[in-house]
Amino acid sequence: VNAEVITVGTELLLGQILDTNSLYLSRKLAEIGVNLYYKTSVGDNTGRLKAALEIAAGRADIIVITGGLGPTVDDITRDGIAEYTGRKLLPDNETMLKLEHFFKARRIKMSENNRVQAYIPEGATVIENRAGTAPGFIIEQKGKVIAAMPGVPSEMRPMMENAVIPFLLQKYGIGKNVIRSRSLKVVGLPESLVDEKIHDLFVVSENPSIGVYAHQTEIEVRLTAKAENTESADAMIEGLKQKVYGRIGDAVYGEEEETLEGKIAEILLAGKMTVSTAESCTAGLLSFRLTNIAGSSAYFMGGINAYSNEVKKSMLGVPEHIIEKYGAVSAECAEAMAKMSREKFKTDCAVSVTGIAGPGGGTDEKPVGLVYMGIDIKGSVKTSRHLFTGSRDMVRARAGHTALFNFYKLLKN
Ligand code: ATP
């Protein structure tokens with residue numbers, strides 16, 4: 001069986017809200033082995049929703065719709081489905097009573113518009129909405145299933161999980177095939193090189209499969225397997241994962257929801273070690289990231305945003321001759337910044353970043369995107385030179401991420 005997701009709302013088409021519902025629904029359908037071939041977004045217009053339903057019914061067995069079930073005139077999903085299916089909209093007694101009770105309990109006058117929410121297409125099965133007022137519903141029509149739910153994610157998700165999925169599992173006897181996936185997070189290798197190193201693995205394997213996705217600061221390698229149960233799917237992923245680690249393991253810092261700052265925190269806490277920062281072009285990004293973790297006061301002591309050369313010298317204590325001889329954007333300055341931070345904050349480790357974020361200020365010798373970083377772990381300092389591409393924001397984000405990654409790698413070894 002295959003499905004199509006239709007999200008309703010002009011806001012979606014104007015780019016005012018992010019369509020997280022379709023992302024969520026894609027994952028949920030994949031988990032039960034339903035193939036999703038198309039996603040459609042349509043504005044608040046009955047005629048266009050009807051047209052979208054006709055197209056979807058021509059190519060999918062299951063149509064899952066979210067949004068447009070509210071009480072106002074621009075909530076057109078109910079009407080669109082009624083028109084498409086040729087069914088009347090009839091009040092559902094139980095829903096009406098619940099709505100009346102809802103308004104009475106809050107001492108708000110219930111308007112005629114609010115009553116509209118209790119109307120559902122004739123013959124549809126109501127999906128109760130425990131988190132809001134608009135119910136959803138499921139219709140079976142000419143061998144197709146249409147499931148409609150409100151757009152508010154916190155209302156829609158439990159309805160999908162408690163009603164729509166069990167309905168689909170029952171009706172199609174599916175769920176025998178599950179899809180599981182796992183993402184590996186890669187830093188320090190460009191997408192092209194990741195691709196080159198693991199290309200042969202995904203050419204030969206359709207299931208489990210590999211996808212490589214570039215994000216702003218890192219690359220995600222996503223492994224996906226389809227099998228009869230979660231255990232076999234997980235085993236398939238595990239086998240492939242080992243191969244991928246064999247190729248690019250050095251550049252992988254974590255999986256799924258793991259973060260660099262979280263991995264660093266684990267190591268620092270286990271080793272009872274402390275860290276401080278000295279930042280120029282990232283101006284606090286490292287401190288911010290390192291303190292994203294609850295309990296970071298156990299290892300993060302503080303940082304100096306040494307943005308100007310004056311502050312690098314006076315507050316941080318970078319020797320004047322270093323800045324004069326090599327410039328502020330240099331390996332020597334990055335090294336001195338890390339050393340001085342460790343000294344000032346009396347920490348075990350320190351991380352420094354100095355570079356040219358742009359868009360102005362670059363020269364032939366020191367172009368925009370040139371960043372040096374220093375990592376001092378118990379007096380042994382390693383510096384590295386990087387040339388990042390992209391806008392000012394991207395250079396800064398990439399510099400911060402790479403500095404944390406370098407720190408993590410040194411800590412781990
Ligand atoms: P309700 O009956 O609870 O008002 P509704 O079905 O009328 O819900 P909409 O009016 O279309 O839903 O959307 C309500 C809100 O839900 C939107 O303002 C938005 O915040 C959120 N929402 C709607 N569609 C989506 C979507 N596809 N992805 C993420 N959020 C969404």
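Please read all numbers here as calculations on a predicted model, not as lab measurements. Remember, it's 1-based here, ligands and their atoms both numbered in the order they're listed.
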Just by distance, do the side chain of K312 and the backbone of V318 share a donor-acceptor pair under 3.5 Å? no
Any salt bridge (charged side-chain N to carboxylate O under 4.0 Å, His left out) pairs touching residues 46-72, not counting sequence neighbours? E4-R59
Could you note down all residue pairs passing salt bridge (charged side-chain N to carboxylate O under 4.0 Å, His left out) where residues 263-279 supplies at least one of them, sequence neighbours left out? E258-K263
Partner residues of H401 under the ring pair (Phe, Tyr, Trp, His ring centres under 6.0 Å) criterion, sequence neighbours left out: none
Hey, which residues fall under 4.0 Å of ligand 1 on heavy atoms? T7, V8, E11, L12, I17, L18, D19, T20, N21, G67, G68, L69, G70, D75, Q117, A134, P150, G151, V152, P153, E155
Are R157 and Y24 in a cation-pi contact, defined as NZ or CZ under 6.0 Å from the six-membered ring centre and within 45° of the axis? yes
Is the closest basic N to carboxylate O distance between E335 and K339 below 4.0 Å? yes
